[in-house]
Amino acid sequence: MPREISLDEVHSLVGQEVGLSKWITVDQAMIDAFAAATDDHQFIHVDPERAAAETPFGGTIAHGFLSLSLLSAMNFDALPVIREQTMGINYGFDRVRFMSPVKTGKRIRGHFVLADARFRGAGMLMTTYEVSVEIENERKPALTATWITIVQFDPKDRPAPPAAT
C-alpha cells in the first residue's frame, strides 16, 4: 500500500486490506505501565508467579484494553496518509470482541480492511475499518473490531462527484 494517497483514491480501496502494521511486542513492562495508568492491577496481568500457578495461561496476559489501545500505534504505522488530511479523529467503535488473550512476551500486529468511506459535511470523510489484531503464531486473533474514524480536510480539496451518465 502506498504511504500516501489522495481523497480521490479512497473509495477505490473499499473492501481491501489497506494496512498491515509492524509487530509490537507486549512485554511485562508495557502491561505494568498500562496497569498503573488504568489502575487495573488484577493479578492475571501483573503477578507472573500467581498467574502461572492459578490460571490456564501459564503466566500473565495483557489487558484486553491494552491490546485495543495499541490500535492507535498500529494505525499510524500501517495506514496510508491521505494527502489532503488536516486532522484525524477517533469516532469510536461499533463492535469490539476480545477473541484470545495476549500472553506476555507475544507479538501482535493489526490488519486493517477499509469497509466504508463516506463524505460527511463539506470537510469530513468518515471511514470504517474492519480490524483484527493478530497474535504471532496463534490461530485466533487477540481481537476484532469495527473502528470508525473521521478524516478532516479543507472543503476546497473535496473531489468532485462523478458525472451523471
Side-chain angles (χ1 to χ4, degrees), residues 1-5 10 13 16-83 85-117 120 123-153:
M1 181 61 46
R3 292 302 305 155
E4 184 176 275
I5 61 173
V10 173
L13 299 173
Q16 296 181 43
E17 184 171 279
V18 293
L20 175 64
S21 76
K22 295 177 187 169
W23 291 105
I24 297 173
T25 301
V26 180
D27 59 17
Q28 191 63 53
M30 180 186 288
I31 294 168
D32 291 343
F34 190 84
T38 60
D39 203 22
D40 181 350
H41 300 281
Q42 186 178 13
F43 81 93
I44 65 173
H45 306 301
V46 298
D47 188 335
E49 292 77 27
R50 186 174 173 198
E54 297 180 28
T55 73
F57 309 123
T60 55
I61 60 171
H63 305 72
F65 284 129
L66 169 56
S67 300
L68 184 68
S69 71
L70 289 171
L71 284 178
S72 293
M74 294 174 191
N75 171 321
F76 183 76
D77 174 57
L79 294 181
V81 174
I82 297 175
R83 193 172 300 119
Q85 179 173 326
T86 58
M87 176 174 47
I89 301 167
N90 179 357
Y91 195 69
F93 295 87
D94 273 351
R95 181 188 54 78
V96 176
R97 295 291 180 269
F98 298 109
M99 309 295 288
S100 188
V102 178
K103 295 177 182 177
T104 302
K106 284 290 198 169
R107 296 190 328 158
I108 60 175
R109 67 178 174 183
H111 293 259
F112 297 83
V113 173
L114 181 61
D116 194 26
R120 303 259 326 238
M124 292 191 302
L125 176 70
M126 182 175 282
T127 56
T128 303
Y129 295 94
E130 293 299 329
V131 182
S132 65
V133 174
E134 172 187 6
I135 306 169
E136 188 173 37
N137 299 319
E138 298 283 335
R139 186 179 63 78
K140 287 176 67 177
L143 66 90
T144 60
T146 302
W147 189 13
I148 304 168
T149 65
I150 295 175
V151 174
Q152 192 80 40
F153 58 90

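Just so it is clear, the structure is predicted and the values come from calculations on it, not from any experiment. The residues of the chain are indexed from 1 along the displayed sequence.
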Worksheet entry | Where Ile135 and Pro101 come nearest, the two heavy atoms and their spacing | CD1-O, 3.5 Å

Discussion item. For Arg95, is there an ion pair with Glu130 - N to carboxylate O distance below 4.0 angstrom?
Written reply: yes

Worksheet item: What distance separates Phe112 CZ from Leu79 CG, expressed to the nearest 0.5 Å?
Response: 5.0 Å

Fill in: Closest approach of Thr25 to Gly105 (non-hydrogen atoms, all atoms of both residues)
CG2-O, 3.9 Å

Practice prompt. Kindly compute the distance separating OG (Ser100) from NZ (Lys140), expressed to the nearest 0.5 Å.
Written response: 5.5 Å

Worksheet entry | Derivation of the side chain to side chain contact (heavy atoms under 4.5 Å, CB included) call for Leu71 and Val133 | CA-CA 8 Å; Leu71 284 178; Val133 174; 3.6 Å; yes

Practice prompt. Could you check Val131 against His111 for side chain to side chain contact (heavy atoms under 4.5 Å, CB included), going step by step and ending with a plain yes or no?
Written response: CA-CA 6 Å; Val131 182; His111 293 259; over 6 Å; no

Worksheet item: So do Thr127 and Ile148 actually touch side chain to side chain, heavy atoms under 4.5 Å?
Response: no

Discussion item. Could you tell me if Ser132 and Thr144 have a donor-acceptor pair between their side chains, going purely by distance under 3.5 Å?
Written reply: no

Item to complete: May I ask you to decide if Asp40's main-chain N or O and His63's side chain share a donor-acceptor pair within less than 3.5 Å?
Response: yes

Practice prompt. State which residues pass side-chain contact (heavy atoms from CB on, under 4.5 Å) with Ser72; sequence neighbours excluded, sorted by chain then number.
Written response: none

Worksheet, complete the sentence: d(Tyr91 OH, Arg120 CZ) to nearest 0.5 Å is 5.5 Å

Fill in: Check: Gln28 main-chain N/O paired with Thr104 side-chain donor or acceptor under 3.5 Å
no

Worksheet, complete the sentence: Rounded to the nearest 0.5 angstrom, the OG1-CZ distance for Thr38 and Phe65 is 9.5 Å

Practice prompt. For this output row, return yes or no: ring centroids of Trp147 and Tyr129 closer than 6.0 angstrom.
Written response: no

Practice prompt. List the steps and the verdict of salt bridge (Lys or Arg N to Asp or Glu O under 4.0 Å) for Glu134 and Arg107.
Written response: CA-CA 8 Å; Glu134 172 187 6; Arg107 296 190 328 158; over 6 Å; no

Worksheet item: Say you draw a straight line from NE2 of His41 to CD1 of Ile31; how long is it, rounded to the nearest 0.5 Å?
Response: 13.5 Å

Fill in: Residue pair Thr128 / Thr146, side-chain heavy-atom distance below 4.5 Å
yes

Worksheet item: Hey, mind stepping through Val151 and Thr86 against side chain to side chain contact (heavy atoms under 4.5 Å, CB included) and telling me if it holds?
Response: CA-CA 8 Å; Val151 174; Thr86 58; over 6 Å; no

Discussion item. Quick check for you: to the nearest 0.5 Å, what is the distance between Phe93 atom CZ and Leu143 atom CG?
Written reply: 8.0 Å

Worksheet item: Does the side chain of Phe43 come within less than 4.5 Å of Glu54's, by heavy atoms?
Response: yes

Fill in: Verdict with supporting geometry, Val18 and Val113, side chain to side chain contact (heavy atoms under 4.5 Å, CB included)
CA-CA 6 Å; Val18 293; Val113 173; over 6 Å; no

Worksheet item: So do the side chains of Met126 and Asp116 get within less than 4.5 Å of each other, counting heavy atoms only?
Response: no

Worksheet item: Do Leu66 and Val26 come close enough that some side-chain heavy atom pair is under 4.5 Å?
Response: yes

Worksheet item: Is there side-chain contact between Lys22 and Ile24, with at least one heavy-atom pair below 4.5 Å?
Response: no

Worksheet item: Can you check whether Phe57's main-chain N or O pairs, donor with acceptor, with Thr55's side chain at less than 3.5 Å?
Response: yes

Worksheet entry | Short side-chain to backbone donor-acceptor contact, Ser21 and Gly110, under 3.5 Å | yes

Fill in: Side-chain ion pair, Glu138 and Lys106, N-O less than 4.0 Å
yes

Worksheet entry | Over all atoms of both residues, closest heavy-atom pair of Phe153 and Leu125 | CE2-N, 3.7 Å

Item to complete: Return the minimal non-hydrogen interatomic distance between Asp77 and Arg3, and the atom names on each side.
Response: O-NH1, 3.1 Å

